[in-house]
Structures are given as C-alpha cells and as structure tokens.
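Notes to accompany the following structure.
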Number of protein chains: 2
Amino acid sequence: MDDHNSASTELVERIAKDIQAGTFTPGSWLKQVELQRKYQASRPMIRLALDRLSQKRIIQHAQNRGYYVHEGDGDEVMELLDLRAMIECAAAHRIVANATEKHCDTLYALARDFDEKTETGSILEQYEANLIFHRELLSLSGNLQLVTLIEDLRHRIPSAPASQWQTRARVKQSSAEHFQMVEAVSRRSANDLADVMRKHILQTK
Amino acid sequence: MDDHNSASTELVERIAKDIQAGTFTPGSWLKQVELQRKYQASRPMIRLALDRLSQKRIIQHAQNRGYYVHEGDGDEVMELLDLRAMIECAAAHRIVANATEKHCDTLYALARDFDEKTETGSILEQYEANLIFHRELLSLSGNLQLVTLIEDLRHRIPSAPASQWQTRARVKQSSAEHFQMVEAVSRRSANDLADVMRKHILQTK
DNA sequence: TGTTATAAAATTGGCGCCAATTTTGGTGCA
DNA sequence: TGCACCAAAATTGGCGCCAATTTTATAACA
C-alpha cells in the first residue's frame with residue numbers, strides 16, 4: 001500500500017526499539033549524521049523519523065540543538081503508569097466478558113512462552129514476549145483502538161532496562177502475575193483481573 | 001523555546017481545526033499547493049504538517065496520491081467513542097475525590113458559559129466552550145496525561161459538524177448533561193458522574 | 001456512441017545545498 | 001590559574017529542484 005510510509009515507519013520503529021533497548025539512554029543526543037550512518041538512511045528520512053518520535057513524546061526536540069531521548073519526569077512516568085492502569089482495568093470487564101475457553105488457552109500458552117523466555121531468552125525476547133501476551137489480553141476487550149493506544153503509552157514510558165528487568169525476582173513475579181491474570185480470566189472474575197493488572201502495571205516501574 | 005516547532009505545530013492545529021469545522025470534509029483531498037496558498041506556508045512545512053496529521057490519524061495517506069481527510073469507519077468511530085467513555089468514566093472517581101467547592105464553582109461557570117454559547121455563539125464557539133468544560137473537568141483527575149490523551153482521541157473522531165451539532169435539541173441536551181455532571185461532582189457521586197459522562201459521550205455521535 | 005490507448009498536465013516525493021545557530025577549542029588578559 | 005572573549009568547526013534547519021507516479025484530456029478505433 002504505502003511504500004514510502006513503510007520505509008519511514010520501519011525506521012521509526014527501529015529507533016524506538018533501540019531506545020527501549022537502551023542503545024540510546026534517556027537524555028542522550030540523537031545526532032542526525034550518526035543516525036544516517038547507523039540506519040543507512042537519507043537525511044530527510046532521519047529527520048522525518050525524529051519528528052515522528054518527538055510527536056510520540058518518545059524523544060524531545062530543542063530548537064537548533066537537536067533531538068534527545070526523553071527523560072521521564074518522575075511525575076510524568078507515574079501519571080503514564082497510572083493512566084495505563086486506569087484504562088487496562090476498565091477493560092478488564094470487557095475482557096472477561098468476551099473471553100472464550102479457546103482464548104484462555106491461547107493466553108496460557110503466551111504466559112508460558114514468556115515464562116520460558118524468562119529462563120533462556122534475551123532481555124529483548126522477554127520484552128517482546130511480554131508485549132505479545134498483553135496485546136493478546138487487551139485485544140479481548142474487542143476494542144482495537146485500545147490495544148494500539150496502550151502500546152503507544154508504553155513507548156512513552158522511558159526505558160530503564162537495567163532497572164526495569166534487572167532483578168530476576170521481578171521478572172519472575174511478572175511471569176507469575178501473567179498466570180494470575182489468565183486464571184482470573186478463566187474464573188471470569190473481572191475484579192480479580194483488574195486487581196492483578198493494576199498491581200502488575202504499577203509495580204513494573 | 002522552540003521556534004520552528006511552534007510554527008509547524010500552529011499549522012497543524014489550524015488545519016486540524018479547519019477539518020473539524022468542516023472546511024475539509026472527510027474523504028476530500030488535501031492538495032499541497034492549495035494548502036500552501038491557503039496557509040501561506042512553504043512546501044516542506046505543509047508536508048511536515050500533513051505527516052503529523054496522518055500520524056495522529058486525522059488524515060490518511062496514499063502513496064503517490066496524497067493525503068485525504070480520514071473517513072471514519074463506523075466501527076472505528078464507535079470504538080473511539082467507547083474508548084473515550086471507558087477512560088473518562090474510569091476518571092470519574094478521581095474527579096469527585098479531588099474536586100473542591102471552588103472547582104465545582106468553576107465547572108458550573110463553564111457549564112453556564114457553554115449554555116450561553118448555545119444561544120448566541122457560533123458553532124465553533126460552542127465547540128470550544130464544550131472543550132474547555134471537559135478539559136477542566138478531566139484535569140480534576142489530577143492526571144495531565146489523561147487530559148491530553150482525551151483531546152487527541154477527540155481529534156481522531158471525524159467531524160460531521162452538520163450532524164453532530166445540527167439539532168438544537170441535541171446541543172441543549174448536551175448542556176443539560178453538563179449541569180448534571182457538575183451536580184454529580186458536587187454530590188460527590190462518582191457513579192452518577194460516570195453514568196452521565198458515558199451517556200454524554202456515546203450520544204454525542 | 002462507448003472504449004481503449006496515448007500523450008500532456010498536475011501532483012507527489014526524495015535529495016542535496018547552503019544559511020543560521022550552537023558548540024567547541026584556543027588565546028589573551030587580569 | 002581562572003575567566004572572558006573570539007574564531008573555527010560541527011550541527012541543525014529551511015528551501016528549491018527534479019525525477020517518479022498518477023490523473024486528466026485527447027484522439028483513434030471497434
């Protein structure tokens with residue numbers, strides 16, 4: 001469909017992923033020539049990608065100085081997490097209402113998948129398995145806009161990979177919470193699901 | 001702070017407002033030369049604005065064909081309204097918890113303001129007075145991210161000014177609902193507030 | 001008369017250039 | 001030695017150009 005669009009979109013996603021992965025730490029400058037080399041893209045492409053990322057609040061822009069990775073204000077991060085929790089909890093009722101037996105099985109499989117990555121996989125693999133689980137869970141709300149919205153919100157939360165997924169204990173707890181969510185869905189308990197989700201999100205600082 | 005940014009941001013807002021106002025109807029093409037004339041801006045500026053609007057899902061892009069005003073899929077519009085309702089209702093509890101007497105007075109004043117615009121003001125004035133009321137109400141949630149998020153969501157709902165604010169009856173009902181919201185806040189009834197908000201949002205098709 | 005092929009016009013899209021601004025490094029002075 | 005000032009280098013930012021594609025208009029043909 002769109003050829004040009006896919007090129008720049010892909011570029012945006014690659015940079016965003018590298019920011020999440022910690023290749024570019026919060027506060028560091030994203031120099032255009034450097035990005036040109038790193039991603040083998042033309043200058044205008046890079047500039048477009050940077051503008052899009054700044055619109056998404058993933059990076060910030062300073063006139064005549066350039067773009068730098070957004071440093072999460074303590075309050076802002078809390079607000080974003082809070083907002084995520086609000087929305088996802090509100091979706092809990094829809095999720096349990098729409099979930100069939102088959103959906104539960106799928107969710108369980110994805111939860112197991114994440115759990116395995118916990119042991120063997122790289123941090124990036126863990127991150128992605130986690131994303132897939134949550135995407136599947138939220139899609140049960142029946143509202144596709146909600147799924148993409150939450151994903152956008154996620155991107156806006158500054159990555160601190162070192163602290164975020166640092167302790168194995170925290171990752172393991174996340175995995176355990178995933179199973180608790182699946183269980184709550186199976187039991188058709190919206191309130192329990194909402195509780196676990198809120199805890200899951202807010203603790204995943 | 002940002003000079004360049006403010007220029008393009010302003011341009012984006014002007015075009016967005018014109019789209020909301022119905023100057024550009026859903027489905028119509030946004031030709032770059034035309035926009036250049038209309039907004040007295042350079043080609044790259046226009047292109048940047050168009051890209052930003054397409055990222056915001058306000059307009060859509062077709063490779064080598066151009067940009068056109070996003071035509072709301074029936075389902076998509078419903079999902080967006082549904083999402084708005086979910087989030088705002090979830091915020092209802094926070095709102096009543098944070099609202100002081102003074103806040104209620106402010107809200108009442110804004111509700112009255114909208115009501116007056118209902119009689120005397122232009123459609124655009126009504127639209128803006130409505131926006132201000134809701135912004136004030138939502139800001140009581142204590143979460144600034146939520147306020148801007150809802151505003152973004154609003155922009156993504158295709159305007160049909162002719163049908164949206166067409167009937168005076170509907171506008172009057174909106175105004176009445178505003179007062180009901182203020183009353184619910186005053187009575188510290190989160191559930192009532194949530195109910196009115198949901199109704200208000202979903203009926204404002 | 002309706003349809004297809006072709007050419008001209010219009011529109012979009014990518015790229016490089018150069019000016020404006022900021023940062024950096026060095027020099028002179030108290 | 002520390003500080004202020006100045007010049008050079010680096011970086012960003014806006015603009016116009018031209019190629020690629022699509023659309024429209026025209027003409028030829030069944």
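Considering only heavy atoms from C-beta on, B:D82 stays 4.5 Å or farther from B:I201 through its side chain. A:L80 has its side chain within reach of A:R156: a pair of non-hydrogen atoms, C-beta onward, lies under 4.5 Å apart.
The shortest heavy-atom contact between A:F133 and A:L107 is CE1-O, 3.7 Å. In terms of heavy atoms, B:V182 sits closest to B:A111 at CG2-CB, 4.3 Å.
Between the NE2 atom of B:H61 and the P atom of C:dT11 there is a distance of 15 Å, given to the nearest Å. Distance, A:E34 CD to D:dT12 C1': 15 Å, rounded to whole Å. When rounded to the nearest whole Å, the span between OH of A:Y67 and P of D:dT12 equals 10 Å. Across the protein-nucleic acid pair, A:R43 atom CZ and D:dC17 atom P stand 21 Å apart, rounded to whole Å. The separation between A:D51 atom CG and D:dG13 atom P is 10 Å, rounded to whole Å. In this structure, CE of A:M45 is placed 9 Å from C1' of C:dG13, rounded to the nearest angstrom. Separating the CG atom of B:L30 from the P atom of C:dT12 is a distance of 9 Å, rounded to the nearest angstrom. Here the P atom of nucleotide C:dG14 and the CG atom of A:L11 are 12 Å apart, to the nearest Å.
For B:F179 and B:Y108, the gap between ring centers is short of 6.0 Å.
With the end axes of the helix from C:dT1-D:dA30 to C:dA30-D:dT1 each set by five pairs, the angle from one to the other reads 10° at 10° resolution.
Among A:D18, A:V12, A:L11, the single residue meeting the side chain to side chain contact (heavy atoms under 4.5 Å, CB included) criterion with A:I15 is A:L11.
Side-chain nitrogen and oxygen atoms of B:S42 include at least one within less than 4.0 Å of the OP1 or OP2 phosphate oxygen of D:dC15. Taking only side-chain nitrogens and oxygens, B:Q32 never comes nearer than 4.0 Å to OP1 or OP2 of C:dA10.
You'll find a donor-acceptor pair under 3.5 Å spanning the side chain of A:R47 and the base of D:dG14, going by distance alone.
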Can you check nucleotides 20-25 of chain C for protein contacts, nitrogen or oxygen pairs under 3.5 Å, and list what you find?
from   : atom 1 : to    : atom 2 : distance (Å)
C:dT23 : OP1    : A:R65 : NE     : 2.2
C:dT23 : OP1    : A:R65 : NH2    : 3.0

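B:Q60 places no side-chain N or O within donor-acceptor distance of the main-chain N or O of B:S54, the cut-off being under 3.5 Å.
A donor-acceptor contact under 3.5 angstrom links the side chains of B:H103 and B:T100, judged on distance only. A donor atom on one side chain and an acceptor atom on the other are not found under 3.5 Å apart for A:Q173 and A:H200.
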